[in-house]
Amino acid sequence: MKKILVTGWAGFIWSHLCKKLLDQWHEVICLDNLFTGTKNNIYDIINNPRFTFVLHDITQPFRAQVDEIYNLACPASPIHYQKNPVETIRTSIVWAINMLDLANKVKAKILQTSTSEVYGDPLEHPQRESYRGNVNPIGTRSCYDEGKRATETLFMDYHREYGVDIRIIRIFNTYGPNMHPEDGRVVSNFIMQALTNQDITMYGTGEQTRSFQYIDDLIEWMIKMMNNEQWFIWPVNIWTEFEFTMKELAQTITKLIPGNTSNIIYKPLPSDDPKQRRANNQLAKEKLGREPKIWLEEGLKNTIEYFKRFI
Ligand code: UDP
């Protein structure tokens, strides 16, 4: 049994990770200030005797003797992180420093959940980890993108300067149960709109692409990365192999909801919205040795079932 600290916002990925770690009989401590998350996501684990929830101001240092730290602290949906941009970049950087100091002090392993956003609006396709990206440093997405890029720098420097045992993963678009219905991201928006027969809000032409990954696949890969014994620390893309346009996503979702009568309405594309996103996942395959198990339709079916409780 390990003692594991998970930082985050009582959010979507966080709730699945905590549940999985508890199922593996670890002791889990969570820190959160409930900025974008909701306590709903922790009701089913809060009574577990191996789970401790700490309401904590993330800008303040935290001390605990732990074996591993998963650093998830940062709102990830564009509409949320752009509402409080200063808080977003502060959270990324200050919290990473606090957690890296803790990891250094107690000799814990620490995993950073970075993002495909570090590639910005990529000019290289598909994106390999060695691609340095095309990020606007002063745009409305920059608070998130640059915060995550700076955090990767901090992780590498703590490793080089102090020998901290780090891991960095770059997460691509992930979806599944426990997403907030008003999260604002494309999968939750389209499903909620389709379930209630409202117009589907397509930003731009709908030809922009993303690679979607089901939450269970991400969690397996994340834990595998933390536990890899090869001293493999480098940023690794975590994603499924397929690339979909937003139009294809809308078609797949409406097809899975019998009797749906939604129309697609077109809205302006948000600034700096990446046009094409698809990662090269060779490194993940080579180092972590697994394939995604849940394909888009199956994952969307599970997610649609979950969202039915909100209508
Ligand atoms: N998007 C859309 N309609 C929505 C929400 C998002 O067309 O109601 C588009 C958005 O412009 C982007 C893609 O879907 O091109 C994915 O958006 P999301 O916010 O889910 O993730 P991110 O842009 O961070 O990859």
Side-chain angles (χ1 to χ4, degrees), residues 9 11-13 36 72 74-83 85 88-89 92 113-122 125-127 133-136 139-149 169-215 218 237-240 242-254 257 260 262-279 296 299-300 303-304 307 310:
W9 305 98
F12 160 54
I13 295 175
T36 61
L72 274 62
C74 195
S77 165
I79 60 158
H80 288 294
Y81 67 64
Q82 288 172 19
K83 245 184 236 157
T88 298
I89 193 161
S92 268
T113 52
S114 191
T115 165
S116 52
E117 289 284 331
V118 298
Y119 303 118
D121 190 3
H125 196 73
Q127 296 88 53
N134 176 37
V135 176
N136 176 0
T140 51
R141 287 177 96 100
S142 318
C143 57
Y144 184 68
D145 298 6
E146 296 291 15
K148 289 287 191 175
R149 284 166 70 94
I169 59 172
R170 292 181 180 156
I171 300 176
F172 282 64
N173 296 65
T174 307
Y175 68 96
N178 286 7
M179 285 184 97
H180 197 289
E182 283 158 24
D183 176 80
R185 272 178 287 191
V186 69
V187 173
S188 44
N189 277 8
F190 284 5
I191 292 180
M192 285 305 290
Q193 290 159 349
L195 280 172
T196 51
N197 287 318
Q198 289 174 42
D199 291 338
I200 290 186
T201 52
M202 188 70 70
Y203 302 161
T205 61
E207 297 298 333
Q208 67 272 33
T209 66
R210 296 291 188 272
S211 295
F212 293 101
Q213 135 176 276
Y214 190 65
I215 183 69
L218 168 67
N237 294 328
I238 301 292
W239 76 299
T240 57
F242 296 105
E243 181 182 0
F244 298 91
T245 65
M246 296 311 105
K247 273 188 185 159
E248 286 168 332
L249 178 71
Q251 280 158 5
T252 312
I253 289 173
T254 49
I257 299 176
N260 170 263
S262 298
N263 295 312
I264 292 184
I265 54 159
Y266 289 87
K267 298 204 157 197
L269 191 69
S271 63
D272 293 327
D273 196 285
K275 287 179 269 314
Q276 209 180 9
R277 182 181 288 160
R278 175 184 169 190
L296 188 68
L300 285 175
T303 313
I304 289 167
F307 274 110
F310 298 107

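Since we're looking at a predicted model, the values are computed, not measured. One-based numbering, in listed order, for ligands and for the atoms of each.
Close approach to D273 involves these atoms of ligand 1, each under 4.0 Å from a residue heavy atom: 10 (C), 11 (O), 12 (C), 15 (O). Heavy-atom contacts of E117 reach the following atoms of ligand 1: 24 (O) (cutoff under 4.0 Å). For ligand 1, the atoms lying closer than 4.0 Å to a non-hydrogen atom of N173 are 21 (O), 22 (P), 25 (O). Close approach of ligand 1 to Q208 is summarised as follows: ligand atoms under 4.0 Å from at least one heavy atom of the residue are 9 (C), 11 (O), 15 (O). For ligand 1 and N189, the ligand atoms under 4.0 Å from any heavy atom of the residue are 4 (C), 5 (C), 8 (O). Residue contact check: M202 has heavy atoms under 4.0 Å from atoms 7 (O) of ligand 1.
Residue contact annotation: R277 has a non-hydrogen atom under 4.0 Å from ligand 1. Judged by the shortest distance from any of its heavy atoms, R141 lies inside the 4.0 Å radius around the atoms of ligand 1.
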Begin with the C-alpha distance, continue with both residues' side-chain angles, and end with the deciding distance and a verdict on side-chain hydrogen bond (donor to acceptor under 3.5 Å, both in side chains) for D121 and N134. CA-CA 6 Å; D121 190 3; N134 176 37; 5.1 Å; no
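Protein heavy atom at the shortest distance from atom 3 (N) of ligand 1 is T201 O, 2.7 Å. Of all protein heavy atoms, the one lying nearest to atom 13 (C) of ligand 1 is M246 SD, 3.7 Å.
Enclosure of atom CD in E207 by more than 12 non-hydrogen atoms of other residues, nucleotides or ligands within 6.0 angstrom is indicated.
With distances taken over non-hydrogen atoms, the option nearest atom 7 (O) of ligand 1 out of Y175, F172, Y81, Y203 is Y203. With atom 19 (O) of ligand 1 as the reference point, the heavy atom nearest to it among Q276, R185, K275 is part of R185.
Checking Y175, F172, F12 one by one against Y214, the ring pair (Phe, Tyr, Trp, His ring centres under 6.0 Å) holds for a single residue, Y175.
Contact annotation: the side chain of I200 never approaches that of N263 to less than 4.5 Å [non-hydrogen atoms, C-beta and beyond].
Counted by atom type alone, R277 and N173 present one or more donor-acceptor pairs between their side chains at under 3.5 Å.
Considering every non-hydrogen atom in both Q208 and P274, the closest pair reads CB-O, 3.8 Å. Taking all atoms of both residues into account, the shortest heavy-atom contact from M246 to F190 is O-CE2, 3.6 Å. Pairing each heavy atom of G147 with each of I89, the nearest pair is CA-CG1, 3.9 Å. Of all heavy-atom pairs spanning I264 and A250, the tightest one is CD1-CB, 4.2 Å.
At a heavy-atom cutoff of 4.0 Å, ligand 1 is contacted by both the backbone and the side chain of V186. Contacts of P270 with ligand 1, taken as heavy-atom pairs under 4.0 Å, involve the side chain alone.
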